Participant: 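Structure incoming, see below.
The structure displayed is predicted, hence computed values, not measured ones. Worth knowing before you read on, the calculation uses all heavy atoms, side chains too, and leaves out hydrogens, waters and symmetry mates.
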Amino acid sequence: MARLPTQGRATIMRDSCFPEGSSMLDPVLLRAHLTETAARLKTRGFELPVAEIEALEADRKRLATETQELQAQRNARSKAIGQAKARGEDVAPIMAEVAGLGDKLKANEVALAEVQAKLSAIALGIPNLPDASTPVGKDETKNVEVARWGQPRTFDFAVKDHVELGARHGWLDGEAGAKLSGARFTVLRGQLARLHRALAQFMLDLHTGEHGYTECNVPLLVNADTMQGTGQLPKFEEDLFSTMKPYAFAAEHDTVVRQLASKEQIRGLIDACNGLPADAIFDPHGNDGVALDFALNKLGQIVESQRDRYLIPTAEVSLTNMVRDSIVEADALPIRVTAHTPCFRAEAGSYGKDVKGMIRQHQFEKVELVQIVEPSKSFEALEQLTSHAEKVLQKLELPYRKMALCTGDMGFSAAKTYDLEVWLPSQNTYREISSCSNCTDFQARRMQARWRNPATCKPELVHTLNGSGLAVGRCLIAVMENNQNADGSITVPAVLRPYMGGAIAIA
RNA sequence: GGAGGGAUGGCAGAGUGGUCGAAUGCACCGGACUUGAAAUCCGGCAGGGGCGCAAGCCCCUCGUGGGUUCAAAUCCCACUCCCUCCGCCA
């Protein structure tokens, strides 16, 4: 998959998104409470580069102050020139005063921008702080079971897994999926495909009809700003499928590089474009006389034009980012939205895990729940949102347990997460089917998503939550395995029968 | 894919190099008048960052990035998005 060059993200780094020296955590935490923040992050296995941040912060502060002073001087002088001209006076003396200012200011601005870029790069890679109620632990073995619902059924015959059950009538066809797309793709057919659809329909109807969510149909391809808003970029690009046009990029790129004058310039270019594939750049024969500045600028433009879209790994991305760069009125909260979408995941690093069947797919479907709430209500909302996901399993009569994830097992954006794990008879264990998280203000800060707090009349960051309600493919597996009969038929859960033309079982 | 037009504060909309972070109107908030409301009048009203006990001061932002200039909403280049027409298309 094509790797997105860092240059291509120029627009994401814009000031409106990342105010000076800001972090994706509250900037105060990195300035005034650095040691303490580092300790809290360490519980989730993240080493904060404390010394580096301190040094950069000191530089930033100094450069920012100096730059501002110079800017103030320049502005005052320029204004004076304007006024003098209006009065018809001679402006030469003032012009002389301002003479040396430009270069010094420029140098300061460049230095400041460099420091800020470094800080920003660090900040974007820092995960959210775990909430105090999140159990501390290194990995999933330290997750805490908080509830268990339903009794796993006992079978008086040898249970089959979903792959065996799906072999019937070509219901579940991994080979067809592999032929079309490769490993981790599946074709569903016939009654099983319909059951899959029934599950998604049922979930949507439940959440819109009984839980107060608004159904949405959202883009599956989104831009880089959006991916950054919810935390997928820049750190987890390898987990995403992208639609960048690498070949067009390389070809266009080559013609630019050929215009560069020297190897030194090209090396500088590689440094500047840190992250670009070097072999795409390094082609040092060509004409001279073209300024590096021009080439760099041109390069940035090319990269920008080749940057396309990313496939969403979850509808959380599209749903949550709907409030990006906006200020919502207090009476519009809470926002509760849901969508049924395909999800696309590269599954980098999961080689060998769950290779059989459709537990871990590059493409799967999910009904997602998202809430945008005022900060004081987000933990209450997490309990509620999780209960909405649980309701699906309860209505389907699938046994599950609810786990509070520990600090080391939580996702990047989450402050607190509950996983729901459904019972899978063939594996004689509980497997993840939903993950419900309170991201507090972490995503909101990345997105600049705010609400107007009536108490202060000021725009303040909202809190965002998301949860699967549920993963449709895994839910299908759970229904197949838990509801299987000795003859290989599958009993349709009562709540799904209206969606199955009244069928009691599929055979 | 081709041709043209556009992007300014919550909205509408002025502003073609200099006290413009930005007229005016609407909306909104506070006050006056009124028994109350409407109407009218007066005042306030973008976001982010820095300094300060505070009053306040300073910086940045007119789609985005770069350039020209002592000075850019205004001039130049590129990009993005929106609109209109033509072509193609589920």
Side-chain angles (χ1 to χ4, degrees), chain A residues 6-23 26-28 30-32 57-58 60-106 108-110 112-113 115-117 119-120 123 219 222-226 249 252 256 272 291-309 324-332 444-461:
Chain A
T6 43
Q7 274 277 301
R9 281 192 218 110
T11 55
I12 322 170
M13 300 296 192
R14 69 183 187 268
D15 282 358
S16 67
C17 224
F18 302 114
E20 286 176 36
S22 84
S23 118
D26 188 332
V28 174
L30 289 191
R31 292 181 188 164
E57 263 301 322
R60 184 196 62 80
K61 204 158 188 173
R62 179 178 52 80
L63 287 166
T65 309
E66 283 175 18
T67 304
Q68 283 195 12
E69 273 166 18
L70 291 167
Q71 283 169 332
Q73 279 178 41
R74 180 204 58 192
N75 291 349
R77 292 281 82 78
S78 294
K79 210 168 235 182
I81 292 172
Q83 288 168 351
K85 271 197 170 173
R87 280 186 251 107
E89 296 168 8
D90 179 23
V91 295
I94 319 180
M95 295 283 269
E97 276 182 58
V98 86
L101 220 64
D103 292 341
K104 187 139 191 280
L105 179 58
K106 194 77 174 178
N108 259 287
E109 283 175 341
V110 169
L112 180 60
V115 169
Q116 283 180 338
L119 274 169
S120 192
V222 301
N223 59 35
D225 284 358
T226 298
F249 167 73
E252 181 71 54
V256 172
L292 183 61
D293 275 357
F294 169 82
L296 269 174
N297 193 15
K298 179 77 178 160
L299 252 181
Q301 287 163 10
I302 291 169
V303 173
E304 191 66 19
S305 70
Q306 292 307 320
R307 222 182 73 179
D308 208 359
R309 310 247 135 78
R324 176 158 57 85
D325 293 324
S326 63
I327 302 170
V328 295
E329 294 305 325
D331 58 14
R445 188 171 288 107
R446 290 175 159 245
M447 294 191 295
Q448 281 299 299
R450 289 157 306 164
W451 70 303
R452 208 171 283 278
N453 183 349
T456 61
C457 290
K458 283 284 183 189
E460 296 172 10
L461 296 171

Participant: Measuring only the C1' atom in each nucleotide, how far is rG49(B) from rA37(B)? A whole number of Å is fine.
Facilitator: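 Each nucleotide's C1' atom is 44 Å from the other's.
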
Participant: Can you tell if the side chain of Glu329(A) reaches within under 4.5 Å of the side chain of Trp451(A), non-hydrogen atoms only?
Facilitator: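 In short, these two side chains do not touch, never coming nearer than 4.5 Å.
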
Participant: Say we look at rC29(B) and rU34(B): how far apart would their P atoms be, to the nearest angstrom?
Facilitator: 22 Å

Participant: Check Lys106(A) with Glu109(A), please: is the shortest side-chain N to carboxylate O separation under 4.0 Å?
Facilitator: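 No, this pair does not count.
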
Participant: What's the separation between atom CG in Leu101(A) and atom CZ in Arg77(A), rounded to the nearest 0.5 Å?
Facilitator: 9.0 Å

Participant: Nearest to the side chain of Gln68(A) - rC58(B), rC60(B), rC70(B)?
Facilitator: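 Selected nucleotide: rC58(B).
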
Participant: What integer number of Å spans the C1' atoms of rA14(B) and rA7(B)?
Facilitator: 15 Å

Participant: Strictly below 4.0 Å: does Arg74(A) bring a side-chain N or O up to OP1 or OP2 of rC60(B)?
Facilitator: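 Affirmative; the distance criterion is met.
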
Participant: Distance check: side-chain N/O of Asn75(A) vs OP1/OP2 of rC58(B), anything under 4.0 Å?
Facilitator: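 For Asn75(A), the contact criterion (side-chain N or O under 4.0 Å from OP1 or OP2 of rC58(B)) is not met.
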
Participant: With both distances under 3.5 angstrom, what nucleotide forms a Watson-Crick or G-U wobble pair with rC53(B)?
Facilitator: none

Participant: Write down the distance separating the C1' atoms in rA72(B) and rG66(B), rounded off to the nearest Å.
Facilitator: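 It comes out at 14 Å once rounded to the nearest Å.
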
Participant: Counting primed atoms plus P, OP1 and OP2 as sugar-phosphate and everything else as base, spell out the protein contacts along nucleotides 17-22 of chain B at 4.0 Å heavy-atom distance: B, S or - for each nucleotide, 5' to 3'.
Facilitator: -BB-S-

Participant: Calculate, to the nearest 0.5 Å, the distance between atoms CG and CE belonging to Asp225(A) and Met447(A) respectively.
Facilitator: 12.0 Å

Participant: Determine the Euclidean distance between corresponding P atoms of rA46(B) and rA22(B); express it in Å to zero decimal places.
Facilitator: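 Nearest-Å result for rA22(B) against rA46(B) at atom P: 10 Å.
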
Participant: Between Gln73(A) and Lys61(A), who's closer to the 5' end of RNA chain B by nearest nucleotide?
Facilitator: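 Nearest nucleotide further toward 5': that of Lys61(A).
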
Participant: Of the candidate nucleotides rC60(B), rG67(B), rC58(B), which contains the atom at the shortest distance from the side chain of Lys106(A)?
Facilitator: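 The answer is rG67(B), which lies nearest to the side chain.
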
Participant: With both distances under 3.5 angstrom, what nucleotide forms a Watson-Crick or G-U wobble pair with rC81(B)?
Facilitator: rG6(B)

Participant: When rounded to the nearest 0.5 angstrom, what distance separates OG1 in Thr65(A) from CG in Leu112(A)?
Facilitator: 9.5 Å

Participant: Rounded to whole angstrom, note down the C1' distance from rG9(B) over to rC26(B).
Facilitator: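 rG9(B) and rC26(B) have their C1' atoms separated by 13 Å.
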
Participant: What is the base-pairing partner of rA14(B), counting Watson-Crick and G-U wobble geometry with both distances under 3.5 Å?
Facilitator: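 In the structure as shown, rA14(B) has no Watson-Crick or wobble partner.
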
Participant: Any strand counts, and the cut-off is 3.5 Å on both contacts for Watson-Crick or G-U wobble. Which nucleotide pairs with rC88(B)?
Facilitator: none

Participant: Of all the nucleotides listed (rG48(B), rC81(B), rC58(B)), which has the minimum atom distance to the side chain of Arg309(A)?
Facilitator: rC81(B)

Participant: I want to check one thing: is the phosphate of rG48(B), taken as OP1 and OP2, less than 4.0 Å away from some side-chain N or O of Arg450(A)?
Facilitator: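 Yes, Arg450(A) has a side-chain N/O under 4.0 Å of OP1/OP2 on rG48(B).
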
Participant: Counting only Watson-Crick or G-U wobble pairs whose two distances fall under 3.5 Å, which nucleotide matches rC41(B)?
Facilitator: rG31(B)

Participant: Whether the Asn223(A) and Thr226(A) side chains hold a donor-acceptor pair (N or O, under 3.5 Å, no angle test) is what I'd like checked.
Facilitator: yes

